[in-house]
Colleague: 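Sharing a structure here in structure tokens format.
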There are 4 protein chains.
Amino acid sequence: MAMNTRAERADQSSERRTQILAIAARLIASQGYSATTVRDIADEAGILSGSLYHHFSSKEAILEEILRSFMDGLLARFEEILAAGGSPRDTFDALVEHAFLTIEREPDAVGLYQNESAFLATQTGFEFLHEKSARIEAIWLEVIRGGQKSGAFRQSMDAGIAYRFLRDSLWSTVRWFRPGGRHTAASVSRHYLDLFHNGLLAE
Amino acid sequence: MAMNTRAERADQSSERRTQILAIAARLIASQGYSATTVRDIADEAGILSGSLYHHFSSKEAILEEILRSFMDGLLARFEEILAAGGSPRDTFDALVEHAFLTIEREPDAVGLYQNESAFLATQTGFEFLHEKSARIEAIWLEVIRGGQKSGAFRQSMDAGIAYRFLRDSLWSTVRWFRPGGRHTAASVSRHYLDLFHNGLLAE
Amino acid sequence: MAMNTRAERADQSSERRTQILAIAARLIASQGYSATTVRDIADEAGILSGSLYHHFSSKEAILEEILRSFMDGLLARFEEILAAGGSPRDTFDALVEHAFLTIEREPDAVGLYQNESAFLATQTGFEFLHEKSARIEAIWLEVIRGGQKSGAFRQSMDAGIAYRFLRDSLWSTVRWFRPGGRHTAASVSRHYLDLFHNGLLAE
Amino acid sequence: MAMNTRAERADQSSERRTQILAIAARLIASQGYSATTVRDIADEAGILSGSLYHHFSSKEAILEEILRSFMDGLLARFEEILAAGGSPRDTFDALVEHAFLTIEREPDAVGLYQNESAFLATQTGFEFLHEKSARIEAIWLEVIRGGQKSGAFRQSMDAGIAYRFLRDSLWSTVRWFRPGGRHTAASVSRHYLDLFHNGLLAE
DNA sequence: GATGAATGAGAATTCATTCAT
DNA sequence: CATGAATGAATTCTCATTCAT
């Protein structure tokens, strides 16, 4: 067996943290932050609740780390999609597809964000939620307005309302679209893009 | 000063209950059920937390009463709309309009339902959430499928997905559409009906 | 038996608080603040530790209340003695006598102050310790310097050092002079005044 | 690079121990024993808290070692001064001077002793505090009574009270007399000896 | 000698709930 | 109806200590 180098040990440590963060995300997503106790998390990690504090400074710090890394990852990918410079319509579709991919890959972080972010955004230490959300909103608005200018999207609609409509429709799917079920990110994407593009009415 | 008759006292009691339920709904909608303490509620009602138990048997009973009366009212109105026997398209629009009206009138109950119902539906004592939700889903599905049959709605779309899409889009607006702001139920209805009907794409 | 008036009830409540404060003062004086648990205090009060929080908002709040009322009472009496306008020598003796009387009456508060105040003065919420102490020091310095001017006290001594010397000598007696023992406030006063006045050397 | 011999390593160990003891003494003197955590000590020593246990068997063992070496050193010097066989007055002055020298050299040990010894004396493992203190008290009493017999000190005073008075006055100065400030051990000695000898009154 | 992960006991505090008055 | 005191269980967090590596 190979010796443990310092780097490998650091990795192990990081693995433990990552593992605990995943457990916490799952529990918090399904029960809510308040209703999830540190003991719940520790139990699932197979350690005593006090031992969690060897890895994290507080329950809140766990929540913050989950949300921060989720938001960072999401925003980074959104920026890449925007920077790719496709047409508004193509960029729009890519954003939607990436959102469903994110829900498929990180349903817990998405669910947790959906349930807790509105309240948390007002709490000290979570100001970053506001900042990142604002940037994400700006990206969507740029795409929507770009599409209205280019003639791809209807000019009669209010971009601000359309943004909220898209945001809520998309991310709310985390409540029922769970990986491993009947639907995949790709199939849900197709259905939702169709609804977003064309609406319900025939013709 | 005239003495309170028993009937008058019962009325006062009823008013007090209603008032406390409103306070509780507001707090639970904004902070979540777990994070809202009975003391929070009692403080806002101007009484001590123990005194709440003259009006309600438990914290959970308060939550149940809020949700039950909300669901009863909503479902009753939905049944009326369905029973009115309009075309699928007209019934659809009426359901959407009534949803926004409900959000305008009872934003706290709607918000509370959005945040807590998924988790609560699995708890004993809240089985009614499942029953009522199932009936509401059936109504929407009847309207959607009716519209597909009649040619009003596109037949290519999956009714189940469309239902979830509508449900989530609609009720999620409670997060940003607050009565007294820029938008009214009527104006949001118009925007959303347009998006639902026609989608985003031009032509 | 007399009916409980609202005032009497308030008194009862106040009695309970006072009783708990006395228990806390005794325990903290003998074990130190950190080493005294809220359970220690609650046990002696015959209630559960959580029930303490019905009367006080925190362990620290108990400490603060003890120290604040002690300091307020002491300073008020010192001001009275100063305001009485006696000669520096008479005022000096009266201050010393009152200090011993205070130790006799409130040994726990004095002991607690001796043990914890130096550290606490730097903590937020305990700034009042600095303020009150500064005023007490000013009173002693006024008396000492007044006595030097009037010729009652030796002019060769440093008033600042003399103040510290008196303060420490006086209040440190709380460590061994406990009411009910061989000595009374009056007898210790006499001995200490003799030592302060004349020192140890013969002639 | 030369290998460490066992002796050299033992020396290093001893230096490390001494360094840790100094850190612990400083922290315990300023915060109290209960309020000082082994992590506080380890942090300042630049190691992890668990690593302290390579040097000391427990937190209490650190405290004991600090106090024991302090008491041993102090008592040894007091015995020397007594054995020198000077007059009571000269011996008295030498004891006082040495006390201030000790405060100047080891303020942390003195402070720690002042704050914790009363409580610790009752704890198992710290019985030596009683023994050493008793011997120190005996030395002072011998000098005081010797001075009363020889006519150097006033016979009217109670030797027991005078002892406590001297002890408390002297050692309490550790609270304000810190090396490197306005005063040196020599200057404070002079002031205090003057106050002890002659008191405050003129003539 | 030191690390890093963990333990286990106990700390302060919170909170839904009860009940005599 | 409401108070005020209390309960009892649970919660977050701390901390001295252990131990394999």
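For the numbers below, each heavy atom of this structure counts, side chains included, while hydrogens, waters and symmetry mates do not. All of these numbers come straight from a predicted model, not from anything done at the bench. Residue numbering restarts at 1 for every chain, and letters A, B, ... go by the order of the sequence lines.
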Colleague: Quickly work out the D:Gln31 CD to F:dC15 P distance and round it to whole Å.
Modeller: 11 Å
Colleague: Would you check if C:Asp40 and C:Thr37 make a side-chain contact, meaning some heavy-atom pair closer than 4.5 Å?
Modeller: yes
Colleague: Got a list of side-chain donor-acceptor pairs under 3.5 Å for residues 41-51 of chain A, not counting sequence neighbours?
Modeller:
| unit_1 | atom_1 | unit_2 | atom_2 | d |
| --- | --- | --- | --- | --- |
| A:Glu44 | OE1 | A:Arg26 | NH1 | 3.3 |
| A:Glu44 | OE1 | A:Arg26 | NH2 | 2.9 |

Colleague: Which heavy atom of B:Gly111 sits nearest to which heavy atom of B:Ala29, and what is that distance?
Modeller: C-CB, 4.4 Å
Colleague: Are OP1 or OP2 of F:dG4 and a side-chain N or O of C:His55 less than 4.0 angstrom apart?
Modeller: no
Colleague: Hunt down any stem DNA chain E takes part in, defined as 3 or more consecutive Watson-Crick or G-U pairs whose two distances are each under 3.5 Å.
Modeller: E:2-21 with F:2-21
Colleague: Heavy atoms under 4.0 Å, any strand shown: does D:Ser58 hit a base, just sugar-phosphate, or nothing?
Modeller: sugar-phosphate
Colleague: Tell me the interatomic distance from A:Phe56, atom CZ, to E:dA5, atom C1', rounded to whole angstroms.
Modeller: 13 Å
Colleague: Any side-chain heavy atom of D:Gln114 sitting closer than 4.5 Å to one from C:Arg175?
Modeller: yes
Colleague: Base, sugar-phosphate alone, or nothing: which one does B:Thr37 contact when heavy atoms must sit under 4.0 Å apart?
Modeller: sugar-phosphate
Colleague: On DNA chain F, nearest-nucleotide positions of A:Lys59 versus B:Gly46: which is more 5'?
Modeller: B:Gly46
Colleague: Let's see if you can work this out: which of F:dT7, F:dT17, F:dA2 has an atom nearest to the side-chain heavy atoms of C:Ile47?
Modeller: F:dT7
Colleague: Quickly, which of B:Ile28, B:Ile62, B:Leu112, B:Asp72 forms a side-chain contact (heavy atoms from CB on, under 4.5 Å) with B:Leu67? Name it, please.
Modeller: B:Leu112
Colleague: Using the closest heavy atom to pick a nucleotide of DNA chain F for each, name whichever of C:Ile20 or D:Gly50 lands nearer the 5' end.
Modeller: C:Ile20
Colleague: Are any of the side-chain heavy atoms of B:Tyr113 and B:Ile66 separated by less than 4.5 Å?
Modeller: no
Colleague: Check every strand shown and say whether A:Thr36 touches a base, only sugar-phosphate, or nothing at a heavy-atom separation below 4.0 Å.
Modeller: sugar-phosphate
Colleague: Hey, does the side chain of A:Tyr53 come within less than 4.0 Å of F:dT14's phosphate (OP1/OP2), counting only N and O?
Modeller: no
Colleague: Counting any heavy atom closer than 4.0 Å, what does B:Leu48 reach on the DNA or RNA strands: base, sugar-phosphate only, or nothing?
Modeller: base
Colleague: Given atom CG of A:Leu52 and atom P of F:dT12, what is their separation to the nearest angstrom?
Modeller: 10 Å
Colleague: Send over the distance from A:Gln19 CD to E:dA5 C1', rounded to a whole Å.
Modeller: 13 Å
Colleague: Quick check with a 6.0 Å cut-off and a 45 degree axis cone: is C:Lys59 positioned over the face of C:Tyr33's six-membered ring?
Modeller: yes
Colleague: How do B:Ser34 and B:Ser51 order along DNA chain E: which one's closest nucleotide is nearer the 5' end?
Modeller: B:Ser34
Colleague: Atom CD1 of C:Ile28 and atom C1' of E:dA12: how far apart are they, to the nearest Å?
Modeller: 14 Å
Colleague: For DNA chain E, whose closest nucleotide is more 5', that of C:Asp40 or that of D:His54?
Modeller: D:His54
Colleague: Using whole Å, report how far CG of B:Asp43 lies from P of F:dG4.
Modeller: 13 Å
Colleague: Please check the phosphate of F:dC13 (OP1 and OP2 only) for any side-chain N or O of A:Arg39 closer than 4.0 Å.
Modeller: no
Colleague: Please state how far atom CD1 in D:Ile62 lies from atom C1' in F:dC15, giving the value in whole angstrom units.
Modeller: 14 Å
Colleague: Check whether any side-chain N or O of A:Arg16 sits under 4.0 Å from OP1 or OP2 of E:dA6, and answer yes or no.
Modeller: yes
Colleague: Output the rounded distance in Å from OH (C:Tyr33) to C1' (E:dA12).
Modeller: 9 Å
Colleague: Heavy atoms only: give me the nearest A:Arg17-A:His55 pair and the separation to one decimal.
Modeller: NH1-O, 2.8 Å
